[in-house]
Visitor: 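This is the structure, below, for whatever I ask next.
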Amino acid sequence: MKDITLTREDIVRLCERIEGAQTRAYAIPKLTDEYPAMTMDDGYAVQTALRQRFIAQGHKLVGWKAGLTSKAKMKQMGVEVPSIGFLTDKMAVPENSTISVSELVHPRVECEIAFVTSQDLEGPNCTAEQVLAATDYVLPAIEIIDSRFQKFSFDLQSVIADNGSSARFVGGGRPRYAADLDLRTLGVVMEKNGEIVEMGAGAAVMNNPAEAVAMLVNILHQLGETLPKGSFVMSGGITAAIAVAPGDYISARFQELGSVSVSFTA
Ligand code: OOG
Ligand code: MG
């Protein structure tokens, strides 16, 4: 990371601000309101400080997520560059469980294809072919995102610092070998309370979700990190994200991969 404008003190301050908003579920102004010169690298410096802080508190890193990898997501959020965030064991929730929205600010759900790797992957020139060769299996997932920024409104620098709005994730369905599937034509239908609210196919994510994972590995290289085997990686929302409220039941049905569901309560 080269383009750092924040001092070490600023990075720690912003990391603590994000941590407070994440763990106590309140909205804050986007970071660029106070630091207009902030760069993407500054955002990753804050995200890295947050990851190290959570790990020091005993959270376990289980994988990574790509974000803003589909046109639908980019259009919804007004941000045109993909980004990555980290995933820990504390964010994982079992399939079919109920999530309390009181632990979150303004949650939204996304349907994504997740990868589990069986070999280490490393940038800076990782390709989709290498990702597929290093993939143990793919499975369907729902990500619950929750921007800590007021009105779910942000820019790239701020959302990277906020760990790509990561909050919770649910994997499930029927894991399959990626080699047996065409991830581009794999369809998904998202239902909220039994009504279809979004639908799409894997190709919405960078023409192939494996491309998003390769992009993620290459960003990891810029952070001085690699993707160890056994990682759980989410490739990014295929459709726009859907807001959820207490009482909502979300189900994502994936062609070939079965379905994943999650409920919300107060
Ligand atoms: C940023 C996170 C995006 C995805 O799948 O595109 C993301 C946001 O929209 O808040 O997780
Ligand atoms: Mg996502």
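Start at 1 and go down the list; that is how both ligands and their atoms are numbered. Residues take their numbers from the sequence shown, with the count starting at 1.
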Visitor: So if I count the atoms of ligand 1 from 1 in the order they appear, which ones are less than 4.0 Å from some heavy atom of Ile145?
Guide: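 Per the distance check, 8 (C), 9 (O), 10 (O), 11 (O).
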Visitor: Report yes or no: is the cationic atom of Arg108 (NZ for Lys, CZ for Arg) closer than 6.0 Å to the six-membered ring centre of Phe152, at no more than 45° off its axis?
Guide: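 Yes, cation above the ring, under 6.0 Å and within 45°.
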Visitor: Let me see the working for Phe232 and Phe169 under ring-ring contact (aromatic ring centres under 6.0 Å, His included), right down to the final yes or no.
Guide: CA-CA 11 Å; Phe232 177 85; Phe169 63 89; 5.1 Å; yes
Visitor: Enumerate the atoms of ligand 1 whose separation from the nearest heavy atom of Gly237 is less than 4.0 angstrom.
Guide: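 In order of number, 4 (C), 5 (O), 6 (O).
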Visitor: How wide is the angle at the Mg ion (ligand 2) between OE2 in Glu112 and OE1 in Glu143, to the nearest 10°?
Guide: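 Between OE2 of Glu112 and OE1 of Glu143, at the Mg ion (ligand 2), the angle is about 100°.
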Visitor: Would you mind checking if Glu225 and Arg51 are paired as a salt bridge, meaning a charged N to carboxylate O distance below 4.0 Å?
Guide: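 Judged by the 4.0 Å cut-off on N to carboxylate O distance, Arg51 and Glu225 do form a salt bridge.
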Visitor: Mark yes when over 12 heavy atoms from residues, nucleotides or ligands other than Arg253 sit less than 6.0 Å from its CZ; otherwise mark no.
Guide: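 It does not: Arg253 CZ has 12 such atoms or fewer within range.
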Visitor: Would you mind telling me if ligand 1 is within reach of the side chain of Gln76, the backbone, both or neither, using heavy atoms under 4.0 Å?
Guide: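 For Gln76, there is no contact with ligand 1 at all, from either part.
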Visitor: Would you compute the distance between atom CD1 of Ile18 and atom CD of Glu16 and round it to the nearest 0.5 angstrom?
Guide: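 Going from CD1 on Ile18 over to CD on Glu16, the span is 11.5 Å.
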Visitor: When only distance counts, is Glu110 in polar contact with ligand 1, meaning an N/O pair under 3.5 Å?
Guide: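 Glu110 vs ligand 1: N/O contact under 3.5 Å present.
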Visitor: Can you name the closest pair of heavy atoms from Ser70 and Gly237 and give their distance?
Guide: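 Closest heavy-atom pair between Ser70 and Gly237: OG-O, 2.7 Å.
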Visitor: Need the ligand 1 atom indices (1-based, order shown) with element for anything under 4.0 Å from a heavy-atom of Gly164.
Guide: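 Those atoms are 1 (C), 2 (C).
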Visitor: Under 4.0 Å from a heavy atom of Met77: give me the atoms of ligand 1 that qualify, with their elements.
Guide: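 Here the atoms of ligand 1 in question are 9 (O).
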Visitor: Can you tell if the side chain of Ile144 reaches within under 4.5 Å of the side chain of Phe264, non-hydrogen atoms only?
Guide: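 SC-SC contact between Ile144 and Phe264 confirmed.
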Visitor: Less than 4.0 Å between a side-chain N and a carboxylate O, is that true for Glu103 and Arg168?
Guide: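 Here Arg168 pairs with Glu103 in a salt bridge, since their nearest N and O are under 4.0 Å apart.
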Visitor: Check this for me - ligand 1, Thr69, N or O atoms closer than 3.5 angstrom, yes or no?
Guide: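 No.
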Visitor: Which residue supplies the protein heavy atom nearest to atom 9 (O) of ligand 1, what is that atom called, and how far is it?
Guide: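 Here the nearest protein heavy atom works out to Lys73 NZ, 2.7 Å.
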Visitor: Quick one: which ligand 1 atoms are inside 4.0 Å of a heavy atom on Gly67?
Guide: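 The atoms of ligand 1 under 4.0 Å from a heavy atom of Gly67 are 3 (C), 4 (C), 6 (O), 7 (C).
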Visitor: Might you point out which heavy atoms bring Ala49 and Arg8 nearest each other, and give the distance in Å?
Guide: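 Reported closest heavy-atom pair: CB-NH2, 4.4 Å.
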Visitor: Please work out, at 4.0 Å between heavy atoms, whether the side chain, the backbone, both, or neither of Met234 comes within that distance of ligand 1.
Guide: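 For Met234, no heavy atom sits under 4.0 Å from ligand 1.
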Visitor: Which of these, Ser165, Ala241, Gly236, has its nearest heavy atom closest to atom 1 (C) of ligand 1?
Guide: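 Closest candidate by heavy-atom distance is Ser165.
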Visitor: Can you find an N/O atom of Leu68 closer than 3.5 Å to an N/O atom of ligand 1?
Guide: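 Right, the criterion is met.
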Visitor: Before accepting this row, confirm whether a basic side-chain N of the pair Lys192/Asp248 lies closer than 4.0 Å to the acidic partner's carboxylate O.
Guide: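 Asp248 and Lys192: salt-bridged.
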Visitor: Note the single closest protein heavy atom to atom 11 (O) of ligand 1, along with its residue, its atom name and the distance in Å.
Guide: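 Protein heavy atom at minimum distance: Lys65 NZ, 2.7 Å.
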Visitor: Under 3.5 Å between some N or O of ligand 1 and some N or O of Val159?
Guide: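 Looking only at distances, the answer is no, because the N/O contact criterion of under 3.5 Å is not met.
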Visitor: Going by the order shown, which atoms of ligand 1 are within less than 4.0 Å of some heavy atom of Phe152?
Guide: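 Selected atoms, number and element: 10 (O).
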Visitor: What is the name of the N/O/S atom in Glu110 that sits closest to the Mg ion (ligand 2)?
Guide: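 Of all N, O or S atoms in Glu110, the Mg ion (ligand 2) lies closest to OE1.
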